[in-house]
Amino acid sequence: MPARAAAAYLQTPMDVTPGTYDFSAFERRWQERWQAEGAFRAEPATCGKPKYYVLDMFPYPSGAGLHIGHPEGYTASDILARYKKAKGFNVLHPMGWDAFGLPAEQHAIATGEHPAVQTRRNIDNFRRQLRMLGFAIDWDREFSTTDEAYFRWTQWIFLQLLKHGLAYVSEKPVWFCPALGTVLANEEVLNTPEGPRSERGNHPVERRPIRQWVLRITAYADKLIEGLDALDWPDSTKRLQKNWIGKSEGAEVTFKLDGHADALTVFTTRPDTLHGATYMVIAPEHPLIGRLTTAAQKSAVESYVAAVRNKSDLERTDLADKKKTGVFTGAYAINPVNGARIPVWTADYVLMSYGTGAIMAVPAHDGRDWEFARQFGLSMRQVVGAPEGFDVTKEAWTGDGPLVNSPGLEGLPVEEAKRKITAQLSVNGQGRAAVNYKLRDWLFSRQRYWGEPFPVLWVSREDYAKIPADSKLREFLPADPVTCMLEGKESCAVPLPATKLPLTLPEVSSYQPSPTGDSPLSKATEWVDVWVDLVTGETASRSAARPGDRWAAASRETNTMPQWAGSCWYYLRYIDPKNRDGIASKEALTYWGSPDFYIGGAEHAVLHLLYARFWHRFLHDIGVLPEPEPFRRLFHQGLILGEDGEKMSKSRGNVVNPDTIVKEHGADALRMYLMFLGPLEASKPWSSEGITGVSRFLKRLWRLAVDEPTGGPSARLASDAPESEDFVRELHRTIRKVGEDVETLQFNTAISQMMILMNAAEKSPGVSRASLEAFVRIAAPFAPHLCEEIWARLGHAGGITAAGWPPFDPAKLVESTVEVVFQVNGKVRGTGKMAKESSKEDLLAACRAHPDVRKFTDGKPVVKEIVVPGKLVNIVVAG
RNA sequence: GCUCAGGUGGUGGAAUGGCAGACACGCUGGAUUCAGGUUCCAGUGCCCAUAAAGCGUAAGGGUUCAAGUCCCUUCCUGAGCACCA
């Protein structure tokens, strides 16, 4: 802490205004003091303390302001941060803004105001609201993803990906959302009963071929699955990521086509059933469909393909209607293992986007093929033995069993048969082992204004070839050029050198995207069309004459990066936010590593968390980062529902505004109530009545410590009245339990325990100053303003967090006598106070002698007697 | 359809296989207060006049001296995936 700020703090006369608990009198003052003192500034790596890095998923600063769900997660992380700091850790608890994105741009389209202006205003409001809640945030490290000093490094990371061959341009059909005027990643498209919709806004989306930047996340598919094992994450989230990546192991098998030069390759996870393949199906979009189809079937196939294309998405994804459709192409394929001539069909249950877009159908052992075969009367051949009584003519057998009707595999179990046949196919050149993923490469460009520009120039192939060996432009040049067709000309991507970063956004007259999928940036021709010096990478306006021989005509990339780009690595920037030479210094990265704890909503289980892991692993692989995984421990807070138990929404009118609650009950009460509602991970309804419970607790804590008529320490503390044994034991139990519960994020039970302690304190004849001070320090992470205020009124000059976590004395927990439960046949009939170390015999004797026990045992033969020392006795009688 | 997580008083929720309902809200009664969205005291799972007894953690079955907790079946709710070969 700077000396001057500390002095000012000490000199501030302590306000000892008399009166009842009035949060409005001091919450604001403490917030200002923490800020002025830099009370929660993380210390440098050289401080010698162990580090603890607590991270919240940073918010998108929307115009609506803070939602009640934000403070839920932020309070949880704040309690942990304050607790760890009191325990002596050097804590990093930062906050920033994920501020690129669609809402700001839509606002800009509607009003003409630059998105940066609205973004700044929203950030100011969010910061005000977060400060109002008293979070122990190191505000010196705050930044926004829209800051040029930040996205300079986002662009740098992209260039590294480009350099290492992990970025390319594709013109395959992609999801395009006409309402949003942009393409979307697979992950951003939801399957709804109404068909595929945009995750944001629920607008219809459609497939269109548009030129796109794509990141090769599939190259990391295996690493992203394997890395999950070591992570302390919710199982559900791990499972979600695993399913999303969707790894399947199997084989590719090539079928020759009867009377054709072409062959059809399929992917199957069940090569063992190859002898049972009785027909094939190709997707209606399959490139070979036109050549396969016989003249006789041409019109039928064409009309089917057209029908599928025109089928509404609703119809095509409607699984309630299990009926399968399809048409025979007239072609026949040859089963490579038995030479059988099998028909080739086309049907929309086969997807062009998975595997090879073609399948071998084994109706006896696949439910979908079975349905299709039954529908169209196709033949079936059982090759895996099913249990007694199972009839493959009634249902497909998908389980294990000995192979049958399969020469060379007879009797083998499924797994062995798979291995054997795959090896055979491979030897015969008819197939090979193969792995398939559901994961697609990550569509990384958007036709929007408000995002990071790609630091890339497009030049002609001829000019690309002229880039000299010592050119600055080679800094990020990939080994294989990234090319695409631009206005009918083959163009090559040239990455800007690092010295030219950040590439900033140009001013534009309109933010309106074009319905054809052109970015608003494409209209900024001054910015887009430049001359580039092929040696230095300098650029100059193309409206001027060509500056010299070394200069080539170039066009800037006009797409921008998706919102995920900025959130992929922000947690690394907090470590060293002002660094101008890299994303962070080596020393800082070594000390802080990656977050020790990460909390945020489960809605990011696949998108953000998968993308960030991909980037982190990549940066680790190229030696930038010391650790392979970004988030060792992850937690999802549950939703706060409206009082009606429904999701909060404006239309339902059940939204709870944090500003209102703070005004009425104070920040401490809001924080504490959010934590008291129930388990952190559970979705739970808000209750405006329920908050009075924690309000009362805070008032009682105030009265326990503060003498209301004078405002100084309470008279109770000064009295000589002894503390009850019960209170002292409860105090130590509370120190232990709250510490444990904070580590495991069970804040609701931690607060219950503090309430129990309060009840004991009020029953105790006296409360010592030392005990009270311990109590206040335990409560401080939960209700920091009140506890800080009490701490000061007790005469302490330093902050309460600096006072540390109170020591816990196990000896104080030991009870000399325990209440032992006496049972007869497992039912409680009485209890007895017994010495803790009582022998089994003594316990049994006491139980037998208990009058209420005797009522149930007298005159009955004892069958069994169970004694659990220190706990219970159970006498089992007959009759 | 598949996968996962759940189902405990009027409500939110506690319970290393060992007294179900901690803690809190609400409610009932009482005290304090000019007043109260104040404070304090007592009570509050069901059945019952009361006590004792009995019943009780979605339903049914099982394991165990003992089950909210472990196992099986069924029902319901929520979340995710959705023709992934």
Side-chain angles (χ1 to χ4, degrees), chain A residues 20 190-192 234-237 239-240 242-244 246-248 250 266-270 273 277 280-281 283 316-320 322 324 347-351 353-362 365-369 371-372 436-439 602-603 605-606 638-639 641 643 645 664-665 673 676-679 681-697 699-700 703 746 748-759 762 819-831 852 855-856 863-868 870-877:
Chain A
T20 53
L190 301 176
N191 254 304
T192 70
D235 285 338
S236 58
T237 303
R239 208 165 25 238
L240 236 49
K242 221 172 168 167
N243 287 346
W244 190 266
K247 182 177 183 174
S248 312
V266 302
F267 172 76
T268 176
T269 55
R270 295 293 304 275
T273 61
M280 294 182 82
V281 186
R316 195 163 173 183
T317 55
D318 187 8
L319 290 182
K322 279 197 136 180
K324 291 194 160 42
D348 67 355
Y349 83 91
V350 172
L351 310 174
S353 56
Y354 185 79
T356 62
I359 62 159
M360 65 176 210
V362 185
H365 305 292
D366 181 280
R368 295 153 302 181
D369 298 343
E371 283 288 333
F372 191 80
N436 234 295
Y437 300 92
K438 278 201 260 180
L439 183 70
E603 68 274 17
V606 276
L639 286 181
L641 306 171
E643 293 214 52
E664 269 178 49
H665 301 275
Y673 186 54
F676 186 61
L677 272 174
E681 67 277 14
S683 288
K684 54 240 164 211
W686 176 264
S687 157
S688 51
E689 279 179 337
I691 195 171
T692 56
V694 295
S695 266
R696 278 178 199 155
F697 171 79
K699 282 181 202 160
R700 289 160 77 194
R703 284 197 301 270
Q746 293 171 290
N748 55 331
T749 50
I751 294 169
S752 295
Q753 183 59 40
M754 286 192 273
M755 288 173 169
I756 291 169
L757 177 61
M758 176 63 73
N759 293 341
E762 287 176 349
E819 197 178 54
V820 175
V821 174
F822 299 147
Q823 296 182 336
V824 179
N825 289 350
K827 294 203 173 172
V828 181
R829 299 302 181 186
T831 59
D852 292 334
K855 273 199 279 184
F856 293 90
V863 177
K864 200 168 186 179
E865 288 165 330
I866 283 123
V867 182
V868 183
K871 273 219 170 121
L872 104 172
V873 181
N874 187 15
I875 297 175
V876 184
V877 294

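Values below: all heavy atoms of this structure, side chains included; hydrogens, waters and symmetry mates excluded. Order of the sequence lines sets the chain letters (A, B, ...), proteins ahead of strands, with each chain counted from 1. A quick note: this is a predicted structure, and the numbers were derived from the prediction, not measured.
- B:rC70 is paired with B:rG62 under the Watson-Crick or G-U wobble criterion, all donor-acceptor distances under 3.5 Å.
- A 3.5 Å limit on both hydrogen-bonding distances identifies no Watson-Crick or G-U partner for B:rA20.
- A heavy-atom distance below 4.5 Å is found between the side chains of A:V694 and A:M755.
- Remark: B:rC81 base-pairs with B:rG1; criterion is Watson-Crick or G-U wobble with both hydrogen-bond distances under 3.5 Å.
- Under 4.0 angstrom from either OP1 or OP2 of B:rA79 there lies no side-chain N or O belonging to A:S683.
- When each of A:P679 and A:K699 is assigned the nucleotide of RNA chain B bearing its nearest heavy atom, the one mapping closer to the 5' terminus is A:P679.
- Among the atoms of the strands shown, base atoms are found under 4.0 Å from some heavy atom of A:E819.
- Of the P atoms belonging to B:rU57 and B:rG10, the separation is 13 Å, rounded to the nearest Å.
- As a whole-Å value, the separation of A:F676 CZ from B:rA14 C1' is 10 Å.
- Here the side chains of A:T268 and A:I359 are not in contact, with every heavy-atom distance at 4.5 Å or above.
- A:V877 has its side chain out of reach of A:F856: every pair of non-hydrogen atoms, C-beta onward, lies at least 4.5 Å apart.
- Nucleic acid contact class of A:K684 (heavy atoms, under 4.0 Å, all strands): sugar-phosphate only.
- Judged by closest nucleotide on RNA chain B, A:E664 is the one of A:E664 and A:Y354 placed further toward the 5' end.
- For the atom pair CZ of A:F676 and CD1 of A:I691, the computed distance is 11.5 Å after rounding to the nearest 0.5 Å.
- Here A:V821 lies in heavy-atom contact (under 4.0 Å) with a base.
- Rounding to whole angstrom units, NZ of residue A:K324 and C1' of B:rG1 are separated by 11 Å.
- Rounded to an integer number of Å, the gap from A:F856 CZ to B:rA53 C1' is 7 Å.
- Here the separation of B:rA14 from B:rG68, taken at their C1' atoms, is 12 Å to the nearest Å.
- Among the nucleotides B:rG12, B:rG26, B:rC19, the one closest to any side-chain atom of A:R696 is B:rG26.
- The base-pairing partner of B:rU44, taking Watson-Crick or G-U wobble contacts with both distances under 3.5 Å, is B:rG26.
- Applying the 90° cutoff around 0 to the glycosidic angle, B:rG9 is assigned syn.
- For the C1' atom pair drawn from B:rG60 and B:rG43, the interatomic distance equals 37 Å after rounding to whole Å.
- With both ends at atom C1', the span from B:rG9 to B:rA15 equals 15 Å, rounded to whole Å.
- Rounded to the nearest Å, the gap between the C1' atom of B:rG6 and that of B:rU69 is 14 Å.
- Here B:rU16 presents its P atom at 16 Å from CG of A:L872, a figure rounded to the nearest Å.
- Rounded to the nearest 0.5 angstrom, A:N748 CG and A:K684 NZ are separated by 8.0 Å.
- Between A:F372 and A:Y349, the two ring planes are tilted [angle within 30° to 60°].
- Note on A:T692: only backbone sugar-phosphate atoms sit closer than 4.0 angstrom, heavy atoms only; bases stay farther off.
- Across A:R696, A:R700, A:R703, a single residue satisfies salt bridge (Lys or Arg N to Asp or Glu O under 4.0 Å) together with A:E762, and that is A:R700.
- The listed nucleotides are B:rA24, B:rA22, B:rC25; the one nearest the side chain of A:R700 is B:rA24.
- When side chains are defined from C-beta on, A:V266 counts as touching A:M280, because their heavy atoms get closer than 4.5 Å.
- Comparing the C1' positions of B:rC75 and B:rC27 gives an interatomic distance of 33 Å, to the nearest angstrom.
- With rounding to the nearest 0.5 Å, the separation of CZ in A:F697 from CE in A:M754 is 5.5 Å.
- Backbone-only contact: A:T268 has heavy atoms under 4.0 Å from sugar-phosphate atoms and none from a base.
- Considering only the side chain of A:K871, B:rG18 comes nearest among B:rG18, B:rC40, B:rC83.
- B:rU74 and B:rG21 have their C1' atoms separated by 27 Å, with the value rounded to a whole Å.
- Side-chain N/O atoms of A:E865 and base N/O atoms of B:rC65 include no donor-acceptor pair closer than 3.5 Å.
- In this structure, A:Y437 reaches neither bases nor backbone, as no heavy-atom distance under 4.0 Å exists between it and the strands shown.
- Pair assignment for B:rA15: none, as no Watson-Crick or G-U wobble contacts are both less than 3.5 Å.
- One atom, CG of A:D369, and another, P of B:rA85, lie 12 Å apart when rounded to the nearest Å.
- Across all strands shown, A:I866 has heavy atoms under 4.0 Å from base atoms, whether or not it also approaches the sugar-phosphate.
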Got a list of protein N/O to nucleotides 2-10 of chain B N/O distances below 3.5 Å?
residue: B:rC4; atom: O2'; partner: A:R239; partner atom: NH2; Å: 2.8

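- Atom CG in A:N748 sits about 7 Å away from atom C1' in B:rG13, given to the nearest Å.
- Whole-Å rounding puts the A:K827 NZ to B:rU64 P distance at 18 Å.
- The nucleotide B:rU57 finds no pairing partner, because no Watson-Crick or G-U wobble arrangement with both distances shorter than 3.5 Å includes it.
- Rounded to whole Å, atom C1' of B:rG18 lies 15 Å from atom CG of A:N825.
- For the P atoms, the distance from B:rU50 to B:rC46 is 12 Å, rounded to whole Å.
- Nearest to the side-chain atoms of A:M755 among the listed nucleotides B:rC23, B:rA66, B:rA85 stands B:rC23.
- With contacts defined as side-chain heavy-atom distances shorter than 4.5 Å, the pair A:I866/A:Q823 does not qualify.
- Base-pair partner of B:rG6: B:rC76 (Watson-Crick or G-U wobble, both distances under 3.5 Å).
- Within the 4.0 angstrom heavy-atom criterion, only backbone atoms of the sugar-phosphate kind lie near A:N759; the bases stay farther away.
- Atom CD in A:E664 sits 9.5 Å away from atom OG in A:S695 (nearest 0.5 Å).
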